[in-house]
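As structure tokens, the structure follows; a few thoughts come after it.
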Amino acid sequence: MFDVLIIGGGVSGMSCALVLGSAKNKSFVTDKKIGVITHQKTSSLQEALINNAYGIAPGKLGADLLAESLQHLSETYPHITQIPNEKVLNIEGEFTSSVHPSSSCPEFKITTNKNIYTSKIIVLAIGYSNTLAIEGLMKYVIPHQKTLPEKQRIQLKNCDHKVAEGIYVTGTLAGWRSQVAIAAGSGAAVATDILTLWNGGIQTQSHDSNKK
């Protein structure tokens with residue numbers, strides 16, 4: 001059972017994972033199991049040349065950035081489980097209310113082409129192609145609100161990245177435009193929302209400092 005499972009290893013998914021990973025020493029995070037299904041093949045970054053993203057040297061190839069992000073996560077936050085070479089086919093589950101309200105939580109079953117996982121929270125960080133075919137998500141699909149209609153892009157209905165209890169969406173699938181900086185910020189925003197949830201609703205972020 002994961003406490004959160006991020007589906008997608010593109011910009012927004014890896015950004016979300018990095019922020020969650022950086023909070024590892026907070027008391028309300030130390031016991032949390034975090035995973036990311038690092039599928040990157042369909043990322044629009046695969047053919048990108050990046051010249052206009054803050055903090056990224058101009059001329060960076062998107063494919064290189066994708067590979068480097070996996071290494072960054074592995075080396076800096078090795079406690080996060082990376083699940084490579086798997087594609088999600090089905091998501092089942094929803095918010096369930098127990099007899100004791102404090103123990104109520106979502107429980108989801110995520111079926112890939114190779115395995116089955118369970119998680120209390122899922123973060124959908126995959127692209128906005130209209131070829132999306134994950135059973136259990138299709139009821140949330142609407143036309144993308146910030147692309148040209150003829151491109152036939154999609155997004156998931158959400159309110160501030162939240163699709164339903166326990167389900168978050170990031171990046172272009174959340175309705176944002178396809179920009180590296182926007183995708184990274186979207187993933188980070190969801191990570192801080194999850195940290196706030198884990199911290200009992202107290203507004204939370206995660207920073208490192210070299211202040212003496």
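Side chains included, hydrogens not; waters and symmetry mates left out as well; all remaining heavy atoms used. Positions are given from 1 along the sequence. Because the structure is a prediction, the values reported are computed rather than measured.
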Quick one: closest heavy-atom pair of [X] and [Y], and the distance?
{"X": "Val123", "Y": "Val4", "result": "CG2-CG2, 3.9 Å"}
{"X": "Val36", "Y": "Gly8", "result": "CG2-O, 3.8 Å"}
{"X": "Thr112", "Y": "Ile37", "result": "CG2-CD1, 4.1 Å"}
{"X": "Gly166", "Y": "Phe108", "result": "O-CE1, 3.6 Å"}
{"X": "Ser27", "Y": "Thr30", "result": "O-OG1, 3.2 Å"}
{"X": "Cys16", "Y": "Ile6", "result": "SG-CD1, 3.9 Å"}

Inset, instruction - Give the intermediate values and the outcome of side-chain hydrogen bond (donor to acceptor under 3.5 Å, both in side chains) for residues Glu86 and Asn113. - result: CA-CA 6 Å; Glu86 294 191 30; Asn113 57 329; over 6 Å; no
Just verifying a value: how many Å separate [X] [atom1] and [Y] [atom2], rounded to the nearest 0.5 Å?
{"X": "Trp198", "Y": "Leu20", "atom1": "CH2", "atom2": "CG", "value": "5.5 Å"}
{"X": "Glu92", "Y": "Lys109", "atom1": "CD", "atom2": "NZ", "value": "4.0 Å"}
{"X": "Leu195", "Y": "Thr204", "atom1": "CG", "atom2": "OG1", "value": "6.5 Å"}
{"X": "Leu156", "Y": "Ile154", "atom1": "CG", "atom2": "CD1", "value": "6.5 Å"}
{"X": "His144", "Y": "Lys151", "atom1": "NE2", "atom2": "NZ", "value": "10.5 Å"}
{"X": "Ile122", "Y": "Leu137", "atom1": "CD1", "atom2": "CG", "value": "6.5 Å"}

Are more than 12 heavy atoms from other residues, nucleotides or ligands located less than 6.0 Å from atom [atom1] of [X]?
{"X": "Lys114", "atom1": "NZ", "value": "yes"}
{"X": "Gln71", "atom1": "CD", "value": "no"}
{"X": "Lys87", "atom1": "NZ", "value": "no"}

Legend entry - Aromatic ring proximity His161/Tyr168, centre distance under 6.0 Å: no
Legend entry - side-chain hydrogen bond (donor to acceptor under 3.5 Å, both in side chains) between Ser22 and Ser206, worked out: CA-CA 7 Å; Ser22 71; Ser206 180; 2.8 Å; yes
Legend entry - Check against salt bridge (charged side-chain N to carboxylate O under 4.0 Å, His left out), Lys33 and Asp3: CA-CA 5 Å; Lys33 186 174 181 181; Asp3 289 281; over 6 Å; no
Inset, instruction - Kindly indicate whether a cation-pi arrangement holds for Lys157 with Tyr140, taking the cut-offs as under 6.0 Å to the six-membered ring centre and within 45° of the axis. - result: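 Relative to the ring axis of Tyr140, which defines the angle, Lys157 lies outside at least one limit.
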Inset, instruction - Report yes if some heavy atom in the side chain of Thr147 is under 4.5 Å from a heavy atom in the side chain of Tyr128; otherwise report no. - result: yes
